[in-house]
Protein chains: 2
Amino acid sequence: MDLEYYNNIPAFVLFAVADVHYDGRASSILERGNYLIIKKEDGSFMVHGACHVPALNYMSSGSIIHIKGNIITVTRRSETIRTKIYNCYEGIPILGWSDHKIKIRKTEAELTARIIDDPETYLGPGIYTAHREYPTLAGPVDLVLTSTVIYTIEVKRKRISLKDSYQLQRYLDAFAKVALVEKKHLNMPPGCEIVGCLAGPDISINALNHCRENGIRYLPVQFEEEVL
Amino acid sequence: MDLEYYNNIPAFVLFAVADVHYDGRASSILERGNYLIIKKEDGSFMVHGACHVPALNYMSSGSIIHIKGNIITVTRRSETIRTKIYNCYEGIPILGWSDHKIKIRKTEAELTARIIDDPETYLGPGIYTAHREYPTLAGPVDLVLTSTVIYTIEVKRKRISLKDSYQLQRYLDAFAKVALVEKKHLNMPPGCEIVGCLAGPDISINALNHCRENGIRYLPVQFEEEVL
DNA sequence: CGATGGATGTCGTGC
DNA sequence: GCACGACGTCCATCG
């Protein structure tokens with residue numbers, strides 16, 4: 001078994017007897033067993049067990065992967081994976097692996113776009129100006145729409161939870177701290193109202209109660225095909 | 001190429017020309033290309049591209065995986081992945097794949113245990129009673145410690161962020177709504193103070209400011225070896 | 001480099 | 001089945 005041969009292979013898959021030691025943000029040991037070991041050409045590295053989607057051990061792209069004797073050492077910043085190979089049942093170099101990106105629909109961005117395309121459906125008649133990813137000191141708000149008031153909108157693709165309500169609250173608090181500056185920046189009068197909104201296809205009872213208690217509006221928004 | 005042969009194989013890896021269509025919580029298309037396709041014996045399924053640790057397409061354990069002709073169909077609840085195989089460069093059945101769990105250190109639970117083992121170090125002299133994962137209407141608090149006051153503690157293994165401060169706030173709000181009931185439940189007098197705490201190895205400036213403004217205590221806690 | 005939030009997050013747990 | 005939170009989350013984006 002000349003494992004070092006794989007130093008020259010940009011991507012490979014092994015099925016091997018191995019144990020794995022990781023040290024970095026945390027520290028872990030994977031006991032000796034039969035695992036699927038993958039190196040990708042971007043310098044990412046994975047050790048997969050028999051079950052579950054995520055790898056047991058892994059390192060992100062940009063890692064330095066070096067094989068010496070029967071040990072694969074993977075390093076990235078202050079993290080290290082040491083994989084000791086005791087026996088290799090299968091080893092296949094991977095050539096021509098495609099790097100196509102997946103095209104995806106039903107994302108949060110799609111729901112945000114729906115509100116921007118037709119704000120009157122969700123907020124009533126008016127002339128609206130939209131600001132996506134509007135920055136605050138507590139992070140960017142998905143969508144700020146202005147008409148006679150300022151709508152601060154957090155959009156979710158899944159059912160809205162109480163956690164999401166507090167995410168919005170965080171933005172509203174940050175906004176309130178510098179409200180006059182923000183209103184000026186949005187070309188709105190100093191006295192105009194600020195209305196917090198949560199938008200999404202569904203909302204939990206806990207979150208809905210929190211909305212009622214805190215003057216937050218829930219805006220039901222569906223993905224295009226769900227309407228049909 | 002008799003792909004249907006793999007219907008009888010509990011786990012396999014293919015490197016193949018394929019395209020992938022997913023529909024379920026979202027909807028996605030992965031264009032034709034060379035991908036690594038993995039089926040595990042727990043019924044999980046992955047399609048890996050040339051880059052990055054996570055799979056491009058995937059389905060959790062318990063999925064129903066069936067091959068007919070050159071199409072692999074994976075189903076789980078209302079989700080489906082349809083993988084069309086145009087050519088298979090490599091196909092290896094995986095036998096004896098180990099299902100060992102990883103043993104991990106430097107988890108949140110470890111930090112929580114450190115506080116429970118020696119609360120006086122973090123909160124000062126006193127006699128403490130600990131409640132892990134104390135339930136509230138907004139979710140469980142990592143740790144509630146009682147002495148003469150009630151400490152409501154959210155523990156983080158990483159640097160504490162403003163988001164974490166609001167997680168604690170959420171618990172404190174829920175606690176406050178039924179404070180008398182909670183105090184009785186904890187055998188504490190009705191008038192006793194409730195102190196929110198964030199515990200962890202580090203805290204962001206934003207989060208620390210939020211603590212100061214809201215009477216929340218930050219408890220520095222390190223992992224054992226970092227102290228050395 | 002840190003900070004922040006999305007994700008088909010996945011997975012475990014408790015109800 | 002739903003709700004919730006941890007995770008070495010990973011990853012893109014922005015300052």
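Within every chain, numbering begins at 1; the chains are lettered A, B, ... in the order of the sequence lines, protein sequences first and strands thereafter. Since the structure is predicted, the reported quantities are computational estimates derived from the model, not experimental observations.
The side chain of B:Arg170 places an N or O atom within less than 4.0 Å of a non-bridging phosphate oxygen (OP1 or OP2) of D:dG5. Note on A:Arg25: a side-chain N or O is less than 4.0 Å away from OP1 or OP2 of D:dC10. Considering only side-chain N and O atoms, B:Arg157 lies under 4.0 angstrom from the phosphate OP1 or OP2 of D:dT9. Distances shown here put a side-chain N or O of A:Ser60 below 4.0 Å from the OP1 or OP2 atom of D:dC11.
The minimum heavy-atom distance linking B:Ile150 with B:Lys183 is given by the pair CD1-CG, 3.8 Å.
Position along DNA chain D of the nearest nucleotide to B:Lys156 versus A:Ser61 favours B:Lys156 as the more 5'-ward residue. Residues B:Thr107 and B:Arg77 each lie close to DNA chain D; by heavy-atom proximity, the contact nearer the 5' end of the strand is made by B:Arg77. In terms of position along DNA chain C, the nucleotide closest to B:Leu162 lies nearer the 5' end than the nucleotide closest to the other residue of the pair A:Lys158 and B:Leu162. Where A:Glu154 and B:Ser204 meet DNA chain C, the nucleotide closest to each residue was compared, and B:Ser204 sits on the side nearer the 5' end.
Heavy atoms of B:Leu137 sit nowhere under 4.0 angstrom from any nucleic acid atom. Within 4.0 Å (heavy atoms only), B:Gly139 reaches sugar-phosphate atoms of the nucleic acid but no base atom. If you check every strand for non-hydrogen atoms under 4.0 Å, B:Ala109 touches nothing. Counting any heavy atom pair closer than 4.0 Å across all strands shown, A:Lys101 reaches no nucleic acid atom. Nucleic acid contact for B:Glu133: none, since no nucleic acid atom lies under 4.0 Å from a heavy atom of the residue.
A salt bridge does not link A:Arg157 with A:Glu110: none of the charged nitrogens is closer than 4.0 Å to a carboxylate oxygen. Salt bridge B:Lys184/B:Glu182: absent, no basic N to carboxylate O contact under 4.0 Å. The residues A:Glu213 and B:Lys177 are annotated as salt-bridged, a charged nitrogen and a carboxylate oxygen being separated by less than 4.0 angstrom.
Between D:dC4 and D:dG8, the two P atoms lie 23 Å apart (nearest whole Å). Across C:dA7 and D:dC7, the matching C1' atoms stand 14 Å from one another, rounded to whole Å.
C:dT8 is unpaired under the criterion used here, namely a Watson-Crick or G-U wobble arrangement in which both key atom distances are under 3.5 Å.
In this structure, the salt bridge (Lys or Arg N to Asp or Glu O under 4.0 Å) partners of A:Arg25, at least two apart in sequence or on a different chain, are A:Glu79.
By the 30° and 60° cut-offs, the orientation of the rings of B:Tyr6 relative to B:Phe12 is tilted. By the 30° and 60° cut-offs, the orientation of the rings of B:Tyr134 relative to B:Phe175 is tilted. Ring geometry for B:Phe15 against A:Trp97 counts as perpendicular: the plane angle is over 60°, on a 0 to 90° scale with 30° as the lower cut.
Between A:Gln169 and A:Asp173, the side chains place a donor N or O and an acceptor N or O closer than 3.5 Å (distance only, hydrogens not considered).
Distances were taken from every side-chain heavy atom of B:Pro140 (C-beta onward) to each of D:dC2, D:dG8, D:dG5; the shortest belongs to D:dG5.
Atom OH of A:Tyr166 and atom P of D:dC4 are 12 Å apart (whole Å). Here D:dC7 presents its P atom at 18 Å from NZ of B:Lys103, a figure rounded to the nearest Å. Spacing between atom CZ of B:Arg105 and atom C1' of D:dG8 amounts to 13 Å, rounded to whole angstrom units. In this structure, B:Glu108 places its CD atom 17 Å from P of D:dC4, rounding to the nearest Å. Between the NZ atom of A:Lys163 and the P atom of D:dC2 there is a distance of 18 Å, given to the nearest Å. In this entry the distance linking CD of A:Glu79 with C1' of D:dT9 reads 12 Å, nearest Å. Residue B:Leu111 contributes atom CG, which lies 13 Å from atom P of D:dG8 at whole-angstrom precision. Regarding B:Gln167, its CD atom lies at a distance of 11 Å from the P atom of D:dC7, rounded to whole Å.
Interface limits on DNA chain C: the 5'-most and 3'-most nucleotides within less than 4.0 Å of chain B heavy atoms are C:dG2 to C:dC11.
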Passes side chain to side chain contact (heavy atoms under 4.5 Å, CB included), B:Val141 versus B:Leu172? Steps please.
CA-CA 9 Å; B:Val141 187; B:Leu172 291 172; over 6 Å; no
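Across residues 41-59 of chain B, B:His52, B:Val53, B:Pro54 each have a non-hydrogen atom less than 4.0 Å from an atom of DNA chain D (numbered order).
For the pair B:Arg82 and B:Tyr22, the cation-pi criterion (under 6.0 Å, within 45° of the ring axis) is not fulfilled.
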